[in-house]
Amino acid sequence: HLYNNRYAGDKVIRLIPQTEEEAHALKKMYHQLKVDLWQPGSISYVSEGTVTDVHIPQNASRTLLAFLQEAHIQYKILIEDLQKALENGSSLRTQRNRR
Amino acid sequence: SLSDYNYELYHSLEEIQSWMQHLNQTHSAFIQVFSIGRSYEGRPLFILKLGRKSRAYRRAVWIDCGIHAREWIGPAFCQWFVREALLTYKTDPAMRKMLNHLDFYIMPVFNVDGYHFSWTHDRFWRKTRSRNSRFRCRGVDANRNWKVKWCDEGASVHPCDDTYCGPFPESEPEVKAVANFLRKHRKHIRAYLSFHAYAQMLLYPYSYKYATIPNFSCVETAAYKAVRALRSVHGVRYRYGPASQTLYVSSGNSMDWAYKNGIPYAFAFELRDTGHFGFLLPEMLIKPTCTETMLAVKNITMHLLQKCP
């Protein structure tokens, strides 16, 4: 596996906070979980209506998803398993060369 | 040969640098490869000068890709641009005119250390790889390190953040090297184009403030025509406008710096997609992405050549 399979189980989740309260809660959670923010470029940009895409490791995704469900914050899972997405997007030749 | 290199795959830094050196040897009538400095980890910063060789004074266009390491479609497009330019010089009147009248300075991989690191360790690395003596975190956001409202809104003072602006402007040797080059050649560089991902946008200044640039008319028209041309290829929609309004406010970025330093037409592309694959744009989408972007870049270049002062 590429990158020693480190991204197995990682997810990319899209959230669009509908209120400033939701945005504030998300920002706090992002800081706590030290998420990898795909967009926007910085947590400081997150506000009401901002499209945020976060890459979250497998062990933290349960915490985040539980929080989102409890707070009734809508979300969409863009990438269910980042390792699979990574390997599906590369040709076999590229993967072989890189390994 | 051009046909042996697969432009529909992502390539490692070493492969890209070998490709550049190969073109330097085989297409010397159009290409000259040289280094403008060294990265933090000591790698050469190669530029590819593309254009029909001439001693006459010519205007130039600067193109850079890969300021952010994980945005691999950027370097893929830079390579595609060079290939298309060489392949279509004889058959495409617009390309022939561009290469006869302009020099293109192309930096296929701006953030060479970060790009290499994203290939070998962390696919989603964004910053450079410089070290910080006081913190364990490495790297500076190379698009927050320019001296234009440096480290203001949209940048972070903390070294562990992905938008860390650095200890001071142009602290990163990569940024310093490019800034020095652009300063030296600013009198004949007419356009600055920087390629990022992902958002499907064509942006122009300002990014650091909400204000209209003085030459808005020509810039806006060029952007409109470019996204219209881009959409004509595969129907993909790009938004366009000032970066501060279309994307978000960010200070210390290269596009604003280029504009402030006298390059009148500065643009930043955010290439495909809008989040379905994000940074993991599959290799099978390199061709359609690059084909449509190529048309947009040609449009911008021709518009600036013919219609703008």
Side-chain angles (χ1 to χ4, degrees), chain A residues 1-8 10-16 23 27 30-57 75-99, chain B residues 6 8-12 14-15 68 70-73 117-127 137 141 143-144 153-158 160-165 196-201 207 243-244 247-251 253 270 273-286:
Chain A
H1 291 286
L2 298 172
Y3 300 100
N4 293 324
N5 211 33
R6 65 183 281 185
Y7 302 112
D10 288 14
K11 297 186 190 320
V12 178
I13 301 173
R14 172 163 288 180
L15 300 114
I16 305 175
K27 284 161 75 168
Y30 290 166
H31 277 299
Q32 280 178 5
L33 296 178
K34 292 183 172 43
V35 299
D36 169 24
L37 199 60
W38 279 24
Q39 70 163 335
S42 165
I43 292 176
S44 64
Y45 291 130
V46 176
S47 64
E48 180 187 338
T50 306
V51 174
T52 76
D53 294 345
V54 291
H55 159 210
I56 189 120
Y75 65 91
K76 178 182 173 184
I77 297 179
L78 295 177
I79 300 177
E80 183 66 48
D81 187 313
L82 205 52
Q83 187 71 35
K84 284 184 185 161
L86 212 156
E87 292 178 356
N88 287 343
S90 286
S91 68
L92 286 174
R93 176 176 165 263
T94 305
Q95 290 184 47
R96 192 169 57 242
N97 287 348
R98 288 168 63 189
R99 279 195 291 272
Chain B
N6 193 331
E8 297 184 47
L9 297 179
Y10 294 117
H11 290 277
S12 68
E14 292 73 21
E15 287 171 347
H68 292 136
R70 58 189 178 183
E71 297 162 14
W72 286 10
I73 188 62
F117 190 74
S118 73
W119 263 76
T120 55
H121 289 81
D122 182 353
R123 175 65 179 83
F124 305 108
W125 188 258
R126 170 184 166 101
K127 299 187 288 183
C137 300
D141 187 336
N143 214 26
R144 300 290 186 277
E153 191 174 348
S156 172
V157 297
H158 201 287
C160 295
D161 287 348
D162 257 359
T163 53
Y164 175 48
C165 57
H196 297 259
Y198 60 89
Q200 290 177 199
M201 292 179 182
S207 190
S244 56
L247 189 59
Y248 42 69
V249 170
S250 70
S251 55
N253 75 56
E270 292 278 353
D273 60 8
T274 55
H276 184 79
F277 294 110
F279 300 119
L280 298 182
L281 197 71
E283 286 173 323
M284 61 184 281
L285 292 182
I286 291 177

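Chain letters run A, B, ... following the sequence lines, proteins first and then strands; every chain starts at 1.
Neither the backbone nor the side chain of B:S12 has a heavy atom closer than 4.5 Å to any heavy atom of chain A. For B:D122, the parts sitting under 4.5 Å from any heavy atom of chain A are the backbone and the side chain alike. At a 4.5 Å heavy-atom cutoff, the contact between A:L78 and chain B is made by backbone and side-chain atoms alike.
The line from OH of A:Y3 to CZ of B:R123 is 5.5 Å long, rounded to the nearest 0.5 Å. One distance of note links CZ of A:R14 with OG1 of B:T274; it measures 6.0 Å at 0.5 Å rounding. Separation of atoms CZ (B:F124) and CG (A:L37) is listed at 13.5 Å; rounding is to 0.5 Å.
Considering every non-hydrogen atom in both B:Y248 and A:G41, the closest pair reads OH-N, 3.2 Å.
Listed by chain and residue number, B:F279 satisfy the ring-ring contact (aromatic ring centres under 6.0 Å, His included) test with B:Y198 (two or more places apart in sequence, or in another chain).
Atom NZ of A:K27 has more than 12 neighbouring heavy atoms from other residues, nucleotides or ligands inside a 6.0 Å radius.
Residues of residues 42-54 of chain A placed with any heavy atom under 4.5 Å of a heavy atom in chain B are listed by number as A:S42, A:Y45, A:D53.
The pair B:R70-A:D36 meets the salt-bridge criterion, since a charged nitrogen lies less than 4.0 angstrom from a carboxylate oxygen.
Using a distance-only test at 3.5 Å, with no hydrogens or angles considered, a donor-acceptor pair links the side chain of A:R6 to the main chain of B:H121.
Between B:L280 and A:N88 there is no side-chain heavy-atom pair separated by less than 4.5 Å.
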